[in-house]
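First the structure, in the form of structure tokens, and then the observations on it.
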There are 2 protein chains.
Amino acid sequence: MSTVIEIEIQGRDVHMKETDTSPPRSERRDAAANRQRILDAALRLFEQHGVEAVSMNQIASEAQVGPGTLYRRYKNKSELCLDLIRDSADLLFEEYESYLEQHSMEPAQEQLKYFIRLFIRFREKKSQLLIGVEDSSQTNRPKSRTSSPIYNELNKIFVSLFDKMAASETLNADSDSVFKADMLQMVLSRDFYSIQRDVRGLSPESIFEQICFMFHL
Amino acid sequence: MSTVIEIEIQGRDVHMKETDTSPPRSERRDAAANRQRILDAALRLFEQHGVEAVSMNQIASEAQVGPGTLYRRYKNKSELCLDLIRDSADLLFEEYESYLEQHSMEPAQEQLKYFIRLFIRFREKKSQLLIGVEDSSQTNRPKSRTSSPIYNELNKIFVSLFDKMAASETLNADSDSVFKADMLQMVLSRDFYSIQRDVRGLSPESIFEQICFMFHL
DNA sequence: ATATTAAGCGGAGACATCTCCACTTGTCAA
DNA sequence: TTGACAAGTGGAGATGTCTCCGCTTAATAT
């Protein structure tokens with residue numbers, strides 16, 4: 001339990017500043033260096049060969065650390081991708097925040113449409129890494145997708161938007177916002193999105209329109 | 001290419017009769033015996049330890065064949081599960097056919113609802129094996145889910161039903177039946193269904209109702 | 001400076017998937 | 001029967017994921 005919390009804290013430290021000698025026992029300097037080398041190596045290999053084609057072993061040896069060291073930080077490739085995409089994801093949320101501040105009076109429907117558009121752009125730009133995040137490797141299957149922090153952040157946003165929409169509608173039936181949100185995320189997930197894009201041949205714009213239609217937006 | 005076709009034919013032979021000495025060069029007797037032993041072993045192990053916990057190696061050695069022999073027939077565990085579930089799936093489709101014959105005049109909407117109910121029952125009864133079918137192991141990822149024969153059979157049914165519904169509606173907008181069908185299948189897939197059932201705590205009935213609501217049924 | 005100590009390291013190895021290919025064995029035609 | 005041959009076999013091994021655990025070492029207290 002405490003372990004999990006500490007790792008969480010370390011992760012945030014790295015994202016905040018460089019020289020941070022605050023009370024909660026900072027990350028060892030050599031460990032930080034290794035972490036950076038891992039991230040660099042992973043990014044390089046991913047760009048060169050594609051996320052799917054690169055193995056954890058390759059990353060480890062490219063970063064000149066043992067496999068154990070790599071797995072110590074990242075339970076699997078999915079978590080590694082998550083770390084690599086974290087900054088972009090934060091940017092996505094920030095962009096949405098700043099939009100919200102300037103369009104706080106717009107109907108929730110429009111806000112939702114804006115966010116969906118934003119997310120689809122994100123998906124297109126970071127497709128490779130996002131796919132990496134989404135398929136958790138076999139061993140820790142049990143919870144998988146739903147447990148990803150990004151999934152939950154997104155879910156919170158969608159639920160609150162659907163709630164707002166339900167509240168503003170005069171006659172609304174038994175629509176469950178959580179169900180709707182999960183469904184929307186399913187539709188925006190790799191599994192569905194890739195089928196529509198690559199198998200069915202839809203453009204991102206068409207997909208957006210179909211989604212809006214299905215969710216009455 | 002020809003290989004694929006022949007395997008297909010052999011598969012059907014086994015499902016049709018026992019002693020079938022028809023022209024297209026039947027399956028060797030010893031091979032058939034092995035196949036049966038594999039199926040038996042797999043079913044036994046799956047029931048005892050759960051699908052996810054059983055490895056292809058275990059199945060092979062339990063069936064007293066080499067790993068190569070096992071993989072010769074089934075590219076992965078997913079295909080093996082498919083073979084084990086095939087009969088039940090056929091039954092599902094047959095049950096639907098016979099329903100259709102007796103309710104051919106009902107609105108497509110009702111027919112669709114009936115089929116969804118049928119499928120949810122199927123899901124509940126065969127959850128273990130169905131999950132096994134749905135997650136294709138890593139190596140042949142590219143196409144995965146969409147390419148499963150069962151996925152396509154289901155898709156055909158859903159598309160035709162949505163088409164029928166669209167036709168009977170006087171004012172219908174740009175609703176794409178294929179998109180809807182894919183979406184419905186997504187919602188009935190392991191990924192989504194399990195979340196709703198196990199994480200969100202919904203009962204099969206609630207899930208059914210939510211689905212109907214979301215698809216205007 | 002030095003000792004203490006837990007974070008961090010790395011690689012051996014358990015176990016999984018899947019391929020390859022030299023060998024065996026039913027089957028069929030002669 | 002028997003020989004030819006394709007269908008079928010099995011297991012070694014390539015490659016991958018992930019764990020375990022004894023050793024190393026940076027950070028802190030003395």
Side-chain angles (χ1 to χ4, degrees), chain A residues 2-7 9-11 13 19-38 45 49 51-80 132 135-142, chain B residues 2-7 9-10 13 19-38 45 49 51-80 132 135-141:
Chain A
S2 62
T3 315
V4 174
I5 289 170
E6 282 183 331
I7 287 172
I9 289 167
Q10 288 172 9
D13 281 350
T19 51
D20 177 68
T21 335
S22 54
R25 182 63 70 102
S26 66
E27 189 181 27
R28 254 211 231 177
R29 215 181 321 266
D30 61 337
N34 277 336
R35 163 186 289 260
Q36 198 51 54
R37 247 175 319 114
I38 288 172
L45 288 173
H49 305 109
V51 173
E52 313 239 1
V54 177
S55 75
M56 290 296 265
N57 275 347
Q58 271 175 80
I59 296 169
S61 66
E62 176 83 8
Q64 305 201 263
V65 299
T69 303
L70 178 53
Y71 277 98
R72 165 176 237 292
R73 279 177 208 291
Y74 304 106
K75 275 209 323 285
N76 48 51
K77 208 158 62 170
S78 173
E79 285 195 1
L80 178 51
D135 53 35
S136 52
S137 52
Q138 61 269 39
T139 0
N140 53 298
R141 181 65 62 56
Chain B
S2 62
T3 315
V4 175
I5 290 169
E6 281 183 332
I7 287 172
I9 289 168
Q10 287 172 11
D13 281 350
T19 51
D20 177 68
T21 336
S22 54
R25 181 64 69 98
S26 65
E27 189 181 25
R28 257 211 228 174
R29 211 177 331 260
D30 60 338
N34 277 338
R35 163 187 289 262
Q36 200 49 56
R37 244 170 327 109
I38 288 172
L45 288 173
H49 305 108
V51 173
E52 313 238 358
V54 177
S55 76
M56 290 295 266
N57 275 348
Q58 272 176 80
I59 296 169
S61 66
E62 176 83 8
Q64 305 201 261
V65 299
T69 303
L70 178 52
Y71 277 99
R72 167 179 234 294
R73 281 176 207 291
Y74 304 107
K75 275 208 325 284
N76 48 50
K77 207 158 64 171
S78 175
E79 284 195 2
L80 178 51
D135 53 36
S136 53
S137 53
Q138 62 269 39
T139 3
N140 53 299
R141 181 64 60 57

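A, B, ... follow the sequence lines: proteins, then strands. Residue 1 opens every chain.
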Closest to side chain of Asn76(B), choosing from dT9(D), dC18(C), dG8(C): dC18(C)

Protein-nucleotide distance (Leu80(B), atom CG; dC18(C), atom P), rounded to Å: 12 Å

DNA chain C: 5'-proximal contact among Asp30(B) and Ala53(B) (nearest heavy atom): Ala53(B)

Short side-chain to backbone donor-acceptor contact, Ser55(A) and Gln58(A), under 3.5 Å: yes

Length of the line joining Leu70(A):CG and dG8(C):C1', which is rounded to integer Å: 14 Å

Atom-pair distance (CD1 on Ile59(A); P on dG16(D)), nearest Å: 11 Å

Separation of dA12(D) P from Tyr71(B) OH (nearest whole Å): 16 Å

side-chain N/O Arg72(B) vs dA7(D) OP1/OP2, d < 4.0 Å: no

Test item: Leu45(A) and Val51(A) side chains (from C-beta on) under 4.5 Å apart, heavy atoms: no

Separation of atom CD in Glu79(B) from atom P in dT17(C), rounded to whole Å: 14 Å

His49(A) NE2 - dG16(D) P separation (whole Å): 12 Å

Residue Pro67(A), side-chain atoms from C-beta onward, closest of dC18(D), dC18(C), dC9(C): dC18(D)

Any donor-acceptor N/O pair under 3.5 Å between dT27(C) base and Arg28(B) side chain: no

Any Thr69(B) side-chain N or O less than 4.0 Å from OP1/OP2 of dG10(D): yes

Of the listed nucleotides dG8(D), dC18(D), dT17(C), the one nearest the side chain of Asn57(B): dT17(C)

Nearest listed nucleotide, side chain of Arg29(B), among dC18(D), dT27(C), dG8(C): dT27(C)

Under-4.0 Å side-chain N/O to phosphate OP1/OP2 contact, Arg35(A) with dG8(C): no

Spacing between Asn34(B) atom CG and dA7(D) atom P, to the nearest angstrom: 17 Å

Whole-Å gap separating C1' (dT25(C)) and CD (Glu27(B)): 15 Å

Value rounded to 0.5 Å, distance of CD in Glu52(A) from NZ in Lys77(A): 6.5 Å

Distance, nearest 0.5 Å, that separates CG of Asn34(B) from CD of Gln36(B): 10.5 Å

Backbone of Glu79(B) reached by a side-chain donor or acceptor of Asn76(B) within 3.5 Å: yes

